Amino acid sequence: MNFRKRNREASEVETGALADILFFLLMFFLMISTLASPDAIKLLLPETVKPAPTPANEVVRLTVDENRNYFIDDNPVDFANLETELTQAVSAKKAATLIVRMDRNQTVQELTNVYDLAAKLNLSMVMAAEKKK
């Protein structure tokens, strides 16, 4: 038997366009990840020196923006219906913790109103804050 080596042409893979494709994919995923943020309502949170960790169990997020608009898990709620909507959200999630995100320009009275409501519903309350720089 006569086994001979065949002369093959060297094969090449063009990779010039792969860098462009990867760049566009990276930009796409970076833009999409900012849109999928759970904290989509922009607030200036108060600052703290030592932030507390978020509880691991089911939580309900209550947000109060600078115009005194209330949101439960990013759903707008009137202040008059806040207690009933919060009760429904807590019972639906079986949550024991309320995370309060309040704009730093709100008054202490607004925070006290939310605190009273959380105490009435037997919820543990965590105040969201930004770490001091």
Side-chain angles (χ1 to χ4, degrees):
M1 286 199 220
N2 190 4
F3 292 110
R4 294 184 185 168
K5 283 188 174 180
R6 294 182 188 169
N7 291 334
R8 294 188 195 184
E9 292 183 22
S11 59
E12 291 184 23
V13 177
E14 293 294 326
T15 58
L18 288 178
D20 295 337
I21 293 170
L22 287 176
F23 176 74
F24 285 123
L25 285 174
L26 179 66
M27 292 303 296
F28 173 76
F29 287 125
L30 284 174
M31 287 188 290
I32 293 300
S33 67
T34 59
L35 295 176
S37 173
D39 302 326
I41 302 168
K42 299 294 181 195
L43 295 176
L44 293 174
L45 294 175
E47 294 178 345
T48 182
V49 176
K50 184 179 176 189
T54 304
N57 58 353
E58 289 291 326
V59 296
V60 174
R61 289 182 296 120
L62 176 66
T63 305
V64 183
D65 67 3
E66 69 274 1
N67 297 323
R68 218 181 272 172
N69 297 320
Y70 290 84
F71 300 90
I72 296 177
D73 291 331
D74 298 331
N75 298 321
V77 177
D78 291 331
F79 182 73
N81 300 331
L82 183 62
E83 184 175 352
T84 57
E85 294 285 335
L86 191 57
T87 305
Q88 290 173 357
V90 166
S91 63
K93 284 188 169 185
K94 296 182 176 76
T97 305
L98 177 68
I99 296 179
V100 178
R101 297 179 63 237
M102 187 171 287
D103 192 85
R104 72 172 68 168
N105 297 323
Q106 288 298 323
T107 62
V108 174
Q109 184 61 48
E110 291 299 317
L111 179 61
T112 306
N113 292 342
V114 171
Y115 181 80
D116 289 342
L117 185 58
K120 186 176 182 180
L121 297 175
N122 280 339
L123 295 173
S124 300
M125 193 169 99
V126 176
M127 181 73 183
E130 291 179 352
K131 187 174 181 179
K132 280 190 177 180
K133 297 174 184 172

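Scope of the values below: all heavy atoms of this structure, side chains included, with no hydrogens, waters or symmetry mates. Every value quoted in this text rests on a predicted model; they were computed, and no experiment measured them.
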TODO: Over all heavy atoms of both residues, which pair between T84 and N81 is shortest? Give the atoms and the distance, please.
DONE: OG1-O, 3.0 Å

Open item on the list: Strictly distance-based, threshold 3.5 Å: is any side-chain N or O of D78 a donor or acceptor partner for the main-chain N or O of A80?
Closed with: no

Task: L117 side, atom CG; L123 side, atom CG - distance, nearest 0.5 Å - done: 8.0 Å

TODO: Provide the closest heavy-atom pair for V77 versus L82 in the form atom of the first, atom of the second, distance.
DONE: CG1-CA, 3.8 Å

Open item on the list: Determine whether a donor-acceptor pair (N or O, by modelled atom type, separation under 3.5 Å) exists between the side chain of D65 and the backbone of N69.
Closed with: yes

TODO: Compare all side-chain heavy atoms of V60 with those of D73 and state whether any distance is below 4.5 angstrom.
DONE: yes

Name every donor-acceptor pair, under 3.5 Å, that has one atom in a side chain of residues 13-30 and the other anywhere in the protein, sequence neighbours excluded.
none

- [ ] Working to the nearest 0.5 Å, report the span between CG of L98 and CD1 of I72.
- [x] 8.5 Å

Open item on the list: I want to check something: taking the side chain as every heavy atom from C-beta on, are D74 and R61 in contact at a cut-off of under 4.5 Å?
Closed with: yes

Open item on the list: Do V114 and Y70 make a side-chain contact, defined as non-hydrogen atoms from C-beta onward lying under 4.5 Å apart?
Closed with: yes

Task: Pair listing, salt bridge (charged side-chain N to carboxylate O under 4.0 Å, His left out) test, anchored in residues 113-125, at least two apart - done: E83-K120

Task: Which residues share a side chain to side chain donor-acceptor pair (under 3.5 Å) with Q106, sequence neighbours left out - done: none

